[in-house]
Amino acid sequence: MKKYFLLLALSFFAVACNTEENNTDNNDGKEIPLEPGNSGNKTNKPKAIWIDAHANFSRFATKSAITSYMEKIKDTGFNEIYLDVKPGIGYALYDSDILPKLEKWGTETVTRDWDYLSFWLEEAERLDIDVIASISAMGFGYTKDKQGIIYDDSRWDGKTQVEMKNSDPNNLVDIRNQTDVDAAMLNPCLPEVQTYVISIIEEIVTKYPKLKGFSLDYCRWYGGNYGFSDATIQAFQTYSGETVTTRNDIITSTGGIGRLYNKWIEFRSMTITNLITNISSKIKAINPGIEFHLWASADWGSRYSVGQNWASKSYSPAASSIYTADYSKTGFADQLDVFVLGAYADAVWISENPGSVWSVENFVNTYDNYTKGDCKVYGSIPAYSYDNKATSDAVYLCMKHTDGLMVFEISHVINKNSWSAIKEGINRVEK
């Protein structure tokens, strides 16, 4: 998971869709007494840290480094890790028969004669820590250096996501040729892409039965202006029964809402939900006991732009120029065991950013308006954003108001030396 994530590509849609009344601690940043039942022993809730592949590519080149940091993770109070084993470059940090091994990224080279994922699992078992393997679901190329599966294999030509630049149907750009993106992402509406992604997940879940869970990141369209290839337009026409005479039927030449926009949004979200549903079915068929997780931004009102309706199917936004009357059918909360709520806001408390949804406190108090109990929810926070006091507060809010905690990500925790602040935040709830 990158530390930045996209907001709306169409900026004037950025307001909206979040009308629920905030439920707050109303303490202006001061700790309030625990409610009855909130305290408990230190195994009461999952407390996880994310291990990003790119940021830590060289850091964990040796077994001894993994052992050292796993002991630090344990001492801090974490009992779970999310381990990135197929990052956006598209190569594997596990023993794969499908993907090449990840040994080079940019100027860094790391060669291992041992199984990276297996060793994390061994150390985790020794320390009584659970492991959730994570992949970048759609990411298969590092565009800055033209590295990755989509550059190695011509079978992916024409199967990556395409942007309509400046709302101009004559200016279509393949994401493979852009350098200002997190990863070159495959087109999720293509059956061969879905089959390929599911085969990778099947391999991991089958080969590593000691995993507690499996998590998806970047299971989406890259942004609001992506998905405009001929293949996607044809799939949309088949889905909707509508004829696209010009791509400006979807987004107008001035960047506005075209006549087919809301049906397009439904199609894009249904594409992602169908993929998630198929992945869930495959995982549970292999190992019914494994948990299925997904990370996405906590701002539900912005996710239509990338096709991620993480709400319950019983949550129905009002039909509008954005949402069709059937948009609620694209909700996928019921397919997940755990939704990792990306509360990546600069403000921790509502009082720091009044009038806005963008605070950790707001996000951890309002998510159930959307998920409606269909799955567990972990509050997730960005370690790079806060000083020690804010880190402790953010951890506390996630622990108090959600089913668990996920801190993104270990390199930021190391760089900011926020281990003690995290431990303090956990202990404020688990006394």
Side-chain angles (χ1 to χ4, degrees), residues 2 53-54 57 84-111 134-165 168-204 206-207 216-223 225-239 244 247 267-268 271-272 274-276 278-279 282 306-307:
K2 301 293 182 183
H54 196 184
F57 186 51
D84 187 4
V85 298
K86 200 289 292 176
I89 195 171
Y91 297 145
L93 282 167
Y94 66 95
D95 181 20
S96 178
D97 299 318
I98 300 171
L99 300 172
K101 185 182 291 187
L102 177 55
E103 296 184 325
K104 186 176 187 300
W105 200 326
T107 60
E108 291 184 283
T109 299
V110 175
T111 303
S134 178
I135 69 166
S136 172
M138 291 292 110
F140 285 89
Y142 181 56
T143 64
K144 293 176 178 62
D145 286 341
K146 299 292 187 287
Q147 295 175 306
I149 293 294
I150 56 104
Y151 300 108
D152 299 340
D153 191 339
S154 61
R155 72 170 162 148
W156 301 117
D157 292 353
K159 296 180 175 65
T160 47
Q161 296 187 30
V162 171
E163 182 185 18
M164 181 168 69
K165 299 280 286 187
D168 180 0
N170 297 312
N171 190 2
L172 302 178
V173 181
D174 191 320
I175 196 171
R176 293 186 303 178
N177 300 321
Q178 299 175 325
T179 57
D180 58 344
V181 294
D182 296 331
M185 294 169 67
L186 291 175
N187 184 342
C189 81
L190 301 178
E192 57 268 45
V193 169
Q194 292 209 10
T195 298
Y196 184 64
V197 170
I198 290 171
S199 73
I200 292 167
I201 295 167
E202 179 179 17
E203 178 179 58
I204 296 170
T206 300
K207 284 191 172 187
L216 300 178
D217 193 14
Y218 285 93
C219 190
R220 57 176 173 84
W221 301 91
Y222 191 80
N225 285 343
Y226 286 79
F228 283 92
S229 67
D230 290 343
T232 312
I233 295 297
Q234 182 57 55
F236 170 61
Q237 291 183 134
T238 300
Y239 173 86
V244 178
R247 286 168 174 79
F267 158 74
R268 281 157 51 91
T271 293
I272 300 302
N274 285 342
L275 173 58
I276 288 170
N278 291 336
I279 291 171
K282 176 60 71 174
V306 294

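In this chain, residues are counted from 1 in sequence order.
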For residues [X] and [Y], report the shortest heavy-atom separation together with the two atoms involved.
X	Y	answer
Y151	A184	OH-CB, 4.3 Å
L99	A92	CB-CB, 3.9 Å
N278	Q194	ND2-OE1, 3.6 Å
R155	K159	O-NZ, 3.2 Å
D145	G106	OD2-CA, 3.1 Å
K146	T179	NZ-CG2, 4.4 Å

Parallel, tilted or perpendicular, judged at 30° and 60°: which one describes the rings of H54 and Y142?
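Ring orientation, 0 to 90° scale: perpendicular.
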Greater than 12 external heavy atoms within 6.0 Å of K104's NZ:
yes
Rounded at 0.5 Å granularity, tell me how far [atom1] in [X] sits from [atom2] in [Y].
X	Y	atom1	atom2	value
E192	L186	CD	CG	9.5 Å
C189	F236	SG	CZ	11.5 Å
T143	I175	OG1	CD1	7.5 Å
L216	L275	CG	CG	7.5 Å
M185	C219	CE	SG	8.0 Å
I98	Y94	CD1	OH	5.5 Å

With side chains defined as the heavy atoms from C-beta onward, is the minimum distance between [X] and [Y] less than 4.5 Å?
X	Y	result
E163	F228	no
I135	I204	yes
Y222	D182	yes

Quick one: do N225 and K165 satisfy side-chain contact (heavy atoms from CB on, under 4.5 Å)? Show the steps, please.
CA-CA 7 Å; N225 285 343; K165 299 280 286 187; over 6 Å; no
Is a salt bridge present between [X] and [Y], judged by a nitrogen-to-oxygen distance below 4.0 Å?
X	Y	value
R247	D168	no
D97	K207	yes
K86	D217	no

Check against side chain to side chain donor-acceptor pair (under 3.5 Å), N187 and T160:
CA-CA 5 Å; N187 184 342; T160 47; over 6 Å; no
Quick one: do Y226 and V162 satisfy side-chain contact (heavy atoms from CB on, under 4.5 Å)? Show the steps, please.
CA-CA 5 Å; Y226 286 79; V162 171; over 6 Å; no
Worked verdict on D152 versus Y91 for side chain to side chain donor-acceptor pair (under 3.5 Å)
CA-CA 11 Å; D152 299 340; Y91 297 145; 2.5 Å; yes
What verdict does the salt bridge (charged side-chain N to carboxylate O under 4.0 Å, His left out) test give for D95 and K101, after you've listed the backbone C-alpha separation in whole Å, the side-chain angles of each residue and the deciding distance to 0.1 Å?
CA-CA 8 Å; D95 181 20; K101 185 182 291 187; over 6 Å; no
List the steps, then state whether side-chain contact (heavy atoms from CB on, under 4.5 Å) holds for Q178 with V173.
CA-CA 8 Å; Q178 299 175 325; V173 181; 3.7 Å; yes
Given side-chain contact (heavy atoms from CB on, under 4.5 Å), test D157 with R176 step by step and report yes or no.
CA-CA 10 Å; D157 292 353; R176 293 186 303 178; 2.8 Å; yes
Is the F140-Y196 ring centre distance short of 6.0 angstrom?
yes
Side-chain donor-acceptor contact under 3.5 Å, E203 with S96:
yes
